[in-house]
Number of protein chains: 4
Amino acid sequence: MLVVMKQGADDRQIDQVCRIIREMGLAPHPIPGKMRTAIGITGNTGPVDPSALAGLPGVLEVIRVTKPFKLTSREMKPEDTIIRVGEAAIGGPEIIVIAGPCSVEALEPTVAAARELRRRGAHLLRGGAFKPRTSPYAFQGLGREGLKFLAEARAASGLPIVSEIMSTDDMSLVEEYVDVVQIGARNMQNAPLLKRAGKIGKPVLLKRGMSATLEEFLLAAEYVMSEGNRQVILCERGIRTFSDHSRFTLDLAIVPELKRLSHLPVIVDPSHAAGRRDLVIPLARAAIASGADGVMVEVHPDPSRALSDAAQALTFEMFDELMDELRLMAPAVRRPIAAVGGSAAKAAR
Amino acid sequence: MLVVMKQGADDRQIDQVCRIIREMGLAPHPIPGKMRTAIGITGNTGPVDPSALAGLPGVLEVIRVTKPFKLTSREMKPEDTIIRVGEAAIGGPEIIVIAGPCSVEALEPTVAAARELRRRGAHLLRGGAFKPRTSPYAFQGLGREGLKFLAEARAASGLPIVSEIMSTDDMSLVEEYVDVVQIGARNMQNAPLLKRAGKIGKPVLLKRGMSATLEEFLLAAEYVMSEGNRQVILCERGIRTFSDHSRFTLDLAIVPELKRLSHLPVIVDPSHAAGRRDLVIPLARAAIASGADGVMVEVHPDPSRALSDAAQALTFEMFDELMDELRLMAPAVRRPIAAVGGSAAKAAR
Amino acid sequence: MLVVMKQGADDRQIDQVCRIIREMGLAPHPIPGKMRTAIGITGNTGPVDPSALAGLPGVLEVIRVTKPFKLTSREMKPEDTIIRVGEAAIGGPEIIVIAGPCSVEALEPTVAAARELRRRGAHLLRGGAFKPRTSPYAFQGLGREGLKFLAEARAASGLPIVSEIMSTDDMSLVEEYVDVVQIGARNMQNAPLLKRAGKIGKPVLLKRGMSATLEEFLLAAEYVMSEGNRQVILCERGIRTFSDHSRFTLDLAIVPELKRLSHLPVIVDPSHAAGRRDLVIPLARAAIASGADGVMVEVHPDPSRALSDAAQALTFEMFDELMDELRLMAPAVRRPIAAVGGSAAKAAR
Amino acid sequence: MLVVMKQGADDRQIDQVCRIIREMGLAPHPIPGKMRTAIGITGNTGPVDPSALAGLPGVLEVIRVTKPFKLTSREMKPEDTIIRVGEAAIGGPEIIVIAGPCSVEALEPTVAAARELRRRGAHLLRGGAFKPRTSPYAFQGLGREGLKFLAEARAASGLPIVSEIMSTDDMSLVEEYVDVVQIGARNMQNAPLLKRAGKIGKPVLLKRGMSATLEEFLLAAEYVMSEGNRQVILCERGIRTFSDHSRFTLDLAIVPELKRLSHLPVIVDPSHAAGRRDLVIPLARAAIASGADGVMVEVHPDPSRALSDAAQALTFEMFDELMDELRLMAPAVRRPIAAVGGSAAKAAR
């Protein structure tokens with residue numbers, strides 16, 4: 001923490017700031033400059049909020065220096081965290097592809113889609129049973145029934161399952177059926193949900209909030225980890241900006257920056273960022289090129305009949321194209337694509 | 001809904017789009033233009049997602065026309081909704097001031113603050129018992145104990161109480177103790193929480209999410225209202241932008257626009273938007289000038305010792321200044337300031 | 001300037017940073033902390049770019065402390081700058097209203113509008129002769145002819161004239177005809193234009209760029225002032241954000257913040273921010289309430305026939321309503337509305 | 001253009017809108033719906049601004065349908081525009097790398113850098129002689145002298161030269177010395193500069209403004225093209241958002257979208273977006289993966305002594321690493337890297 005004094009601040013004001021810093025149990029270090037004085041603060045700033053100093057006479061600005069994340073930090077744990085789900089190892093050398101419909105709509109198509117996706121090279125199946133929708137009048141998901149359909153799809157295909165949780169009330173239900181519990185962008189700062197997810201024995205896929213900074217994103221992961229669950233997968237899915245040619249603006253600079261600051265795996269969801277299927281493949285390629293450990297995409301057997309996010313779902317044919325593109329991309333980032341079902345599938349085509 | 005075809009789209013493509021629109025149970029209305037054809041869609045677009053059309057051959061763009069909010073809409077209910085809490089009528093002609101500490105920290109100061117604020121003209125007391133914090137290591141609020149302190153403060157001061165709920169699990173507890181249940185910006189799209197709040201018998205103060213559009217904000221209110229609770233107060237509190245001289249960018253154009261599109265009361269929280277106490281009073285004045293029904297501000301007896309958001313809390317002296325400013329502002333918007341305690345208080349000073 | 005070292009940075013790395021700081025002619029001040037070391041830098045950071053330090057081994061971050069603006073700064077000149085144009089004193093105690101059509105379209109209506117606006121209480125006439133348009137196919141303004149029409153309007157009405165300059169080539173022409181030279185949002189970082197405006201003897205009205213920070217805005221003013229012209233009026237006109245209910249998001253927190261940091265007058269253009277006439281009056285009220293020295297609005301005798309920005313232009317009747325509202329607002333901010341033409345006009349109505 | 005009427009709009013209001021549309025010389029097409037009426041407009045909307053309709057009684061919204069760009073549009077010219085500069089063909093199958101120092105600082109190092117970059121595989125040399133700086137007190141470039149140094153560097157290395165123009169006054173000078181004239185982000189909406197660049201016989205590299213939409217970006221290119229110069233290279237360089245881990249947010253979705261809507265070449269500048277050298281290589285990889293025709297990066301022999309943007313400049317060693325990464329990336333996008341000097345250079349290493 002650094003307190004910057006105004007140009008005209010006098011000694012009395014500087015002394016007052018130093019005194020209050022000491023009263024907070026911290027140590028002030030004045031640095032007199034040509035134009036103005038700055039005061040460094042050292043000590044444990046946890047219990048008291050030193051931004052209180054911002055309002056004192058003579059103070060221009062208070063600048064925070066120490067990063068507040070701990071368990072998510074690579075300074076704390078230098079080696080990469082690798083999360084194993086079924087045959088996949090997320091955050092390891094291999095690139096992972098998570099695919100599936102936005103919403104689970106019925107048993108048959110879900111099972112069929114899982115088989116198709118496995119055959120075509122996907123490593124995990126995603127599907128929404130509880131859907132966060134902007135409007136209360138939009139399709140809200142099948143709930144428990146949707147989870148059962150996903151479990152049947154897993155049994156039939158062998159693909160582990162990723163599905164979103166929206167309420168602490170549903171956590172035990174979701175935990176029972178799924179392999180990876182997803183917390184969506186709208187809930188990235190839902191502290192009770194994050195804490196509850198911190199107590200389960202399954203990996204958590206945490207999506208970046210649409211207006212979250214990198215620091216807020218890591219602190220949300222910190223909420224999960226501080227309750228004991230160390231298996232968190234970070235997922236960039238686009239941020240809200242003025243730019244209107246895609247639904248959200250995919251912020252790929254966060255990928256290398258998260259990998260630098262944190263040991264957690266980082267994947268990218270190009271489907272929600274794009275909002276339009278023709279942008280999904282180029283953005284998926286770019287995500288892998290930026291250093292992501294994998295991608296999560298929406299695939300629907302017949303997008304024109306999907307109950308949600310139809311415009312961004314890939315067809316199976318487009319999913320094949322995506323897998324072909326990622327197989328081309330893998331050597332460029334010196335990583336293989338995980339062969340869970342994939343290599344056999346490729347041979348079979 | 002309007003489908004815009006590409007310039008070179010041929011009749012076969014136009015026919016296909018029209019056919020699929022009819023298969024969705026909707027009616028297509030082609031409008032041939034000099035450069036390209038557009039196709040208007042009429043009918044109930046609820047059950048199917050017509051954005052599916054965006055991916056069809058020859059389609060350039062799909063534009064939505066009908067606004068999706070209903071119960072919140074002034075088209076539905078032309079007269080203003082007025083919400084009565086204690087002696088205050090929020091959304092009526094009088095301007096309302098909600099004030100109090102960011103977090104409830106102990107019994108004595110909370111009771112003392114409530115008495116002071118009542119005496120100085122506040123109409124409701126705000127105070128956080130459950131605190132949404134970015135970091136899991138920051139002070140998270142006193143929980144149930146904090147609610148009890150607030151209830152004692154109400155008993156001592158006569159001020160009704162506003163406090164935030166973060167989890168559906170705590171709803172019955174919060175409902176028992178508080179007069180207005182607040183849903184914070186981070187939970188504006190927490191659908192289970194919104195739905196649960198739709199089933200209580202107390203007003204809900206809903207804050208705009210930091211990256212929510214006006215439409216998403218009204219749809220969040222629609223979640224509450226569609227469950228039966230028609231008492232929703234909308235609160236602008238600043239949005240996230242690149243602009244870095246205040247913590248968030250207060251978006252006051254939303255105030256007249258919400259008043260035009262919706263019948264619900266609209267208040268403004270300048271404290272969180274500013275993030276710094278010296279900006280609170282000018283922004284509070286501007287909020288009232290833009291047409292807001294009231295403001296909600298943070299006040300702390302000794303900001304330099306506050307456990308959260310210290311930099312933005314007003315002292316009691318600054319709160320007096322705020323009230324004086326708002327009393328000056330009221331005739332400029334042809335509205336009185338509600339005199340709940342205020343006039344007596346003013347006389348007493 | 002403050003260099004923050006990584007947690008694991010060793011003494012050798014800290015020494016290297018200190019050595020390079022000294023080689024830059026600056027003085028390093030290491031502040032060892034519990035978790036990491038920070039190094040304060042003092043001295044004149046002008047000639048060399050110390051952000052070069054950001055890439056050195058062991059460095060986590062480089063934080064700038066000193067504000068880079070000088071001539072615009074209130075630290076440099078504590079008293080308000082008041083700019084006199086005709087009978088108006090911009091930045092003084094009185095509130096100023098600048099009004100007129102977006103584009104000058106013909107002589108007669110421009111002269112008629114100037115007379116009407118003077119009679120109804122405006123203090124300066126605005127009108128575009130050179131129009132910055134997004135599309136090359138949109139109406140680009142009448143150029144020199146438009147300036148002549150404005151000069152005739154001034155002669156007929158007595159109102160001083162504000163008009164935009166887009167090119168250094170046109171500066172002598174504009175300087176000849178107008179009283180205040182406007183530099184638009186799109187040119188806020190057009191350094192040659194800013195420098196050229198710094199050499200004229202007339203006030204410059206500088207609009208904030210649509211994605212400019214406060215610091216960039218003041219540095220643009222600094223470009224003008226550093227060439228010798230001390231008469232700069234700052235104008236907030238809305239920033240670009242995701243928020244889509246108004247054309248730009250009016251960022252009123254910048255008004256008190258600019259007044260705190262700078263001695264220059266600050267006005268607000270609610271017309272361009274709103275993009276829709278029904279939002280102009282509430283935003284103009286809010287601007288004055290936030291502490292602005294005046295407002296600039298678009299008025300057109302028949303908006304449905306305007307050649308540009310029709311949707312945001314007020315009619316004369318709406319301008320009367322605006323003036324009435326601002327006359328109500330003035331006592332709320334303890335300021336009068338300047339009576340240039342206004343009081344007589346009011347009496348005449 | 002589509003006019004959407006309010007739900008309660010009556011026939012008289014609908015008739016008035018239709019009448020005014022006809023008076024504008026356009027044709028109204030009412031589409032009655034279950035909830036409200038929409039009115040399609042056909043005809044040439046150029047001369048009059050139909051947004052004027054937005055303020056009429058009963059009108060909810062006016063939605064524009066036709067895209068306003070023409071010459072830049074792929075609808076107009078389906079085949080890719082390929083721009084030949086020296087041995088490079090920008091927009092063709094080969095990937096192009098433009099590299100060089102932010103500012104030209106002296107003759108020797110510029111010539112040396114050009115030779116080094118050629119040897120290491122760059123196709124064009126970039127270097128700033130006129131520097132757009134936020135502060136008037138920062139180094140503003142060497143001007144004409146800088147251009148001469150660049151010309152000597154070209155003579156010595158064979159690399160064509162890209163350099164920025166900031167003022168129409170300098171255009172003939174810049175045109176004389178450089179091979180590609182750059183218009184920077186701050187000048188993307190500087191209409192006189194764009195028009196002037198439309199009259200030269202050399203290609204223009206146009207950078208996206210930091211808050212420009214895709215449409216505004218193409219319309220800026222349209223300004224250049226409508227004056228006769230069809231050789232425009234579009235360059236994404238990051239947009240301004242709240243996201244604070246990189247200097248700007250690189251918006252790679254614009255790359256495939258520009259390629260779809262326009263025939264012009266699209267390159268990406270990862271250096272300015274990143275603002276930090278360690279992010280440049282991952283973002284350059286991602287840019288190529290998203291479909292860009294090339295990248296432009298800053299390279300400096302000794303970044304710690306650079307006079308501008310030091311923190312983002314690559315060293316020569318990092319530039320080699322970049323070229324190696326791009327050579328790995330090229331097959332992944334089924335494109336070669338242009339071998340202008342590159343293959344020989346590679347063999348020589």
(request) Measure distances from Thr168(B) to the heavy atoms of chain A and classify the residue's part below 4.5 Å as side chain, backbone, both or neither. (result) side chain
(request) List the steps, then state whether salt bridge (Lys or Arg N to Asp or Glu O under 4.0 Å) holds for Glu236(B) with Arg208(B). (result) CA-CA 5 Å; Glu236(B) 160 68 19; Arg208(B) 180 183 183 189; 2.8 Å; yes
(message) So which residue, Ser226(A), Ala191(A), Ala220(A), Ser211(A), ends up with the most heavy-atom pairs under 4.5 Å with chain B?
(response) Ser211(A)
(request) Using modelled atom types only, decide if a donor and an acceptor are shared between the side chain of Ser246(A) and the backbone of Phe248(A) within a distance under 3.5 Å. (result) yes
(message) Does Arg133(A) qualify as a cation-pi partner of Phe139(A), given the criterion of NZ or CZ under 6.0 Å from the six-membered ring centre and within 45 degrees of its axis?
(response) no
(request) Determine yes or no for a side-chain-to-main-chain donor-acceptor pair under 3.5 angstrom, with Gln189(A) supplying the side chain and Asn187(A) the backbone. (result) no
(message) Counting only non-hydrogen atoms closer than 4.5 Å, does Ala185(A) touch chain B with its backbone (N, CA, C, O), its side chain (CB onward), both, or neither?
(response) neither
(message) As an exercise: rank Thr134(A), Ile20(A), Ile239(A), Leu56(A) by heavy-atom pairs under 4.5 Å with chain B and give me the winner.
(response) Thr134(A)
(request) Report the option among Met188(A), Gln140(A), Met225(A) that has the most heavy-atom pairs separated by less than 4.5 Å from atoms of chain B. (result) Gln140(A)
(request) Before accepting this row, confirm whether a basic side-chain N of the pair Glu227(A)/Lys195(A) lies closer than 4.0 Å to the acidic partner's carboxylate O. (result) no
(message) Run Glu216(A) and Arg186(B) through salt bridge (Lys or Arg N to Asp or Glu O under 4.0 Å) and show every step you take.
(response) CA-CA 12 Å; Glu216(A) 290 167 344; Arg186(B) 290 172 177 83; 5.8 Å; no
(message) Can you tell me which portion of Asp170(A) sits under 4.5 Å from chain B's heavy atoms? Options are side chain, backbone, both or neither.
(response) neither
(request) Under 4.5 Å heavy-atom distance to chain A, tell me which part of Glu23(B) shows up: side chain, backbone, both or neither. (result) side chain
(request) Please flag which part of Thr213(A) lies under 4.5 Å from any non-hydrogen atom of chain B: side chain, backbone, both or neither. (result) both
(message) Which atoms of Arg276(B) are under 4.5 Å from chain A, going by heavy atoms: the side chain, the backbone, both sets, or neither?
(response) neither
(message) Side chains of Gln312(A) and Ser271(A): any donor to acceptor distance under 3.5 Å?
(response) no
